[in-house]
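A quick write-up on the structure given underneath.
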Amino acid sequence: MADNTQEKKIDYDFAAHERPLFEAWRDAGYFQRTPGFGAHKDDSYTIVIPPPNVTGVLHMGHALNDTIQDACIRRARMRGYQTRWILGTDHAGIATQTKVDKHLAEQGINRREIGREAFIEACQEWRRDYGGRIVSQIAAMGCSCDYADEQFTMSPEFSRAVRQVFCDWYHDGIVYRGKRIVNWCPHCTTAIADDEAEYEDEAGHLWHLRYPLVEPVDGVEYIVVATTRPETMLGDTGVAVNPSDERYKGLVASGAKVRLPLVDREIPVFADFYVDASFGTGCVKVTPAHDPNDFAMGERAGLPKINIFDETAHVVEGFGKFSGMSRDEAREAVVAAFDELGLLDHVEDHDHSVMHCYRCHNTLEPWLSEQWFVAVDGLKRRAAEVVENGQVTFHPERWKQVYLDWLANLKDWCISRQLWWGHQIPMYYCDACGWQDARVDGVDACPECGAEVRQDEDVLDTWFSSQLWPFATQGWADAGMDAPELAAHYPTQVLSTARDIMGLWVARMVMSSMYCTGEIPFKDVIIHPTVMGADGKPMSKSRGNGVDPVKLMEDYGADGMRFGLLLQVTGAQAMRFDYQKIESSRNFANKIRNAARFALMHLDGFEPGEPELVTPADQWIFSRLAALVADVDAAFDAYEFGELTRALYGFVWNEFCDWYIEFSKARLGASADPADRLACQRNLVYVLDQVLRLLHPIMPFVTEELFGQMPGRAEGELLIGAEWPDAEKLARYRDPQAERAIAMVCEVVGSIRSARSRYGISPKVALDVAVKASADDAALLEAQAALVTSLANVSSLEVGEDVAKPAESSVALGAGLEVYTCLAGHVDFEAERARMTREQGKLSKDAAKLEKKLSNPGFLAKAAPEIIEKDRAKLAELNDKLARLAEQIAELG
């Protein structure tokens, strides 16, 4: 793919043209909280950026998400809202510590040798050296963030907010410490939360092991347990069976015990309804310290909990030859020992899902450990209510249920991490008298006995701090909800993010905001699609399908990348990256430049003034502009960015550039009537001005550049702060008759030109044309006969309801039209017959696809009614065209 992009690169230094515009916006103060104007002058519009990691670089997910956010904030700014897009980065605990560890190791330094303080300083230095990269890349995109007040999740102000929330939750009983099973990463040597674990299917085995009974029961001397992890049998403290399993009722009733092989431990056989009698042998070995389900069964049965692994997943002391072995080594050794003792019953192939660390991708270990937890039941109820009642709305709407399901299944959240880089838990202990407490400001001496105290060594989960992002970035730690920014501008309006952190971050922001501020953190949540490679697979270096946004901007410009990304957005959960969309968007930017150049080159004698709709073409373009503004507003309000960009592309390229500018050429000539010429100039300038405003949120650079060349602009006026087009004011220009009339002109002229092109007929050759249309359409089209004649070099034009197809003519079927271009003496009619047959085949395939779609019960049940009606109308139109085409083919003989 890289080779293809090199071919598409053009010799143009985009950054050199874009940087001065970015600096102009920044220097004019548009990136800070802007004062409002107009109808929304007292309303605020705030977005918080999902804070990228300080170790990160811009990837395609960032590029798409940042484009969406910038489009929203720029439009809101132009509509007169008091806007601010809060920028910042996340300290990213595990990710940063891993990178710094590796960096130090390359210098022969171990973090445990240099100590905690020196290591934290090394992390801060890493952040200073590398943390600004992604921010500079966000700026290169043209994103209008508040760069003057960049936030950081470990700044002093933010750290105070984190400590405050921990202390409040601790004193309210929401945060507690307990010994429970956690997901432990032996490589990162820290706990991670349940929803940070990644599950991967692996080919494995199911080992059937014989456990001898201490005393035979009814002639049974042993039972067989089935396990995917034979090494954990060293920590077994029981064997469970289902109470309804007739095979083992005698064992349970008699209080049978088994003698655990290899460690000579007597453990009970007991009943628990968790056991699936149909799986394996129906007997389950119970290792309470190394499986959450076993932990729960062990709690119910009062079993001891034996932790057989250390923090690196090596067998601890006390297990003979197995001590010191890794998990894999212990597995092989245990299986071999069972085999030697004749206790390995048999082995089956068994595929199963295995948890991996989301950062280092090593296999996680369920591990009994003392950790800090958040009791979520008291928080998640309100977080669900505000989504259920519509205070917080998801786009697309289907993500609402995903959010609610995640909350419903949420268990207490393990928030402690055995790291050094992060927010150290503000919990203090006095070993002398036993005093302990959580303190925001910290404490050196015990308030009870005066002895020296120690602070908890663990740090908080990165998501604990980032959940406070919407309000901790706006002064909450200093003044609570009385902080000026919060008092005036909270809650925020929009959050745009990826689906994979809906639970990790979005839900937790709602929970913490409801507790800390009494307010929702944002009103709308946009879940943008995941950007996949062109092959439909996740982008990765190993697959070689990744795309670098920075390189895209070098080759296509920030505008080309931004518009091209949004063009690819649909309602789907994922989108395949398409270079052609990026290239076509760069070409679109050039098309806009060319249109502006044409308009600005023909402004001799121009005097600013209101638009004046002199011709039907004027009425048509203004009506289409009014419709476009309404459609763009609706798409923005519904966060349908693909629909938005496609509407803009269609209007600007097809209607404005390809047709209206062509309609205007004769009116701008030297011999044109001066009054009409001035009217045409004013109309061109007005429509171009409105187009630049509509495009600016998505293509800020080219539009700002061209706006600076527009006549009538106030000194120093920038498009970033210009007023957004007013759909209500433009609605007066709506003119369905003008739209229909010029649409038919375009269709007829286009059909004639297509016929010329298809058969190689020179534009200088005048052709006779006949058009069959309804009486109303015929009247509208006849009124534009002069326009058709001049644009298509037509010698005679016949229009009517009863027009018959002339002999030896081509046929073009339009919406309610049949266009016959007389080609006598110019074409091979056998070829025309073949072309129509091919078109018939294509239309038949399209109709068949729609019929299949509309007969699918699943589609009819899930699709929105307007989508179904749209498809039905399209199918009806296809069938109408097919019927007419069949008639025309029959006429050819």
task = List the steps and the verdict of side chain to side chain donor-acceptor pair (under 3.5 Å) for K321 and S323.
result = CA-CA 6 Å; K321 67 178 183 179; S323 293; over 6 Å; no

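- A salt bridge is absent between D458 and R417: the closest approach of a Lys/Arg side-chain nitrogen to an acidic carboxylate oxygen does not fall below 4.0 angstrom.
- Taking both residues in full, the closest heavy atoms of N65 and P50 are given as ND2-CG, 3.5 Å, listed atom of the first, atom of the second, then distance.
- A donor atom on one side chain and an acceptor atom on the other are not found under 3.5 Å apart for E311 and T189.
- Ion pair R247/D245 flagged as a salt bridge, since at least one NZ, NE, NH1 or NH2 atom sits closer than 4.0 Å to an Asp/Glu carboxylate oxygen.
- Residues passing the side-chain hydrogen bond (donor to acceptor under 3.5 Å, both in side chains) test with Q573, sequence neighbours excluded: none.
- Between Y170 and F166, the ring planes are parallel. Angles under 30° get that label, and only those over 60° would be called perpendicular.
- The aromatic rings of W505 and W463 sit tilted, their planes meeting at an angle between 30° and 60°.
- Residues passing the side chain to side chain contact (heavy atoms under 4.5 Å, CB included) test with Y176, sequence neighbours excluded: R180, F373, A375, D412.
- Between the side chains of E397 and H395, no donor-acceptor pair of N or O atoms lies under 3.5 Å.
- Ion pair K380/E385 not flagged as a salt bridge, since none of the NZ, NE, NH1 or NH2 atoms sits closer than 4.0 Å to an Asp/Glu carboxylate oxygen.
- A salt bridge links R259 with E266: the closest approach of a Lys/Arg side-chain nitrogen to an acidic carboxylate oxygen falls below 4.0 angstrom.
- Classification of the H59-H62 ring pair by plane angle, with boundaries at 30° and 60°, yields parallel.
- For the pair R111 and W420, the distance from NZ or CZ to the six-membered ring centre is under 6.0 Å and the angle to the ring normal is within 45 degrees.
- The pair E365-R229 meets the salt-bridge criterion, since a charged nitrogen lies less than 4.0 angstrom from a carboxylate oxygen.
- Remark: K305 qualifies as a cation-pi partner of F295 under the 6.0 Å distance and 45° angle criteria applied to the six-membered ring.
- Partners of E457 according to the side-chain hydrogen bond (donor to acceptor under 3.5 Å, both in side chains) rule, which considers only residues two or more places apart in sequence or in another chain, do not exist here.
- No donor-acceptor contact under 3.5 angstrom links the side chains of N183 and W367, judged on distance only.
- Within the 4.5 Å cutoff, the side chain of M233 has heavy atoms near those of the L262 side chain.
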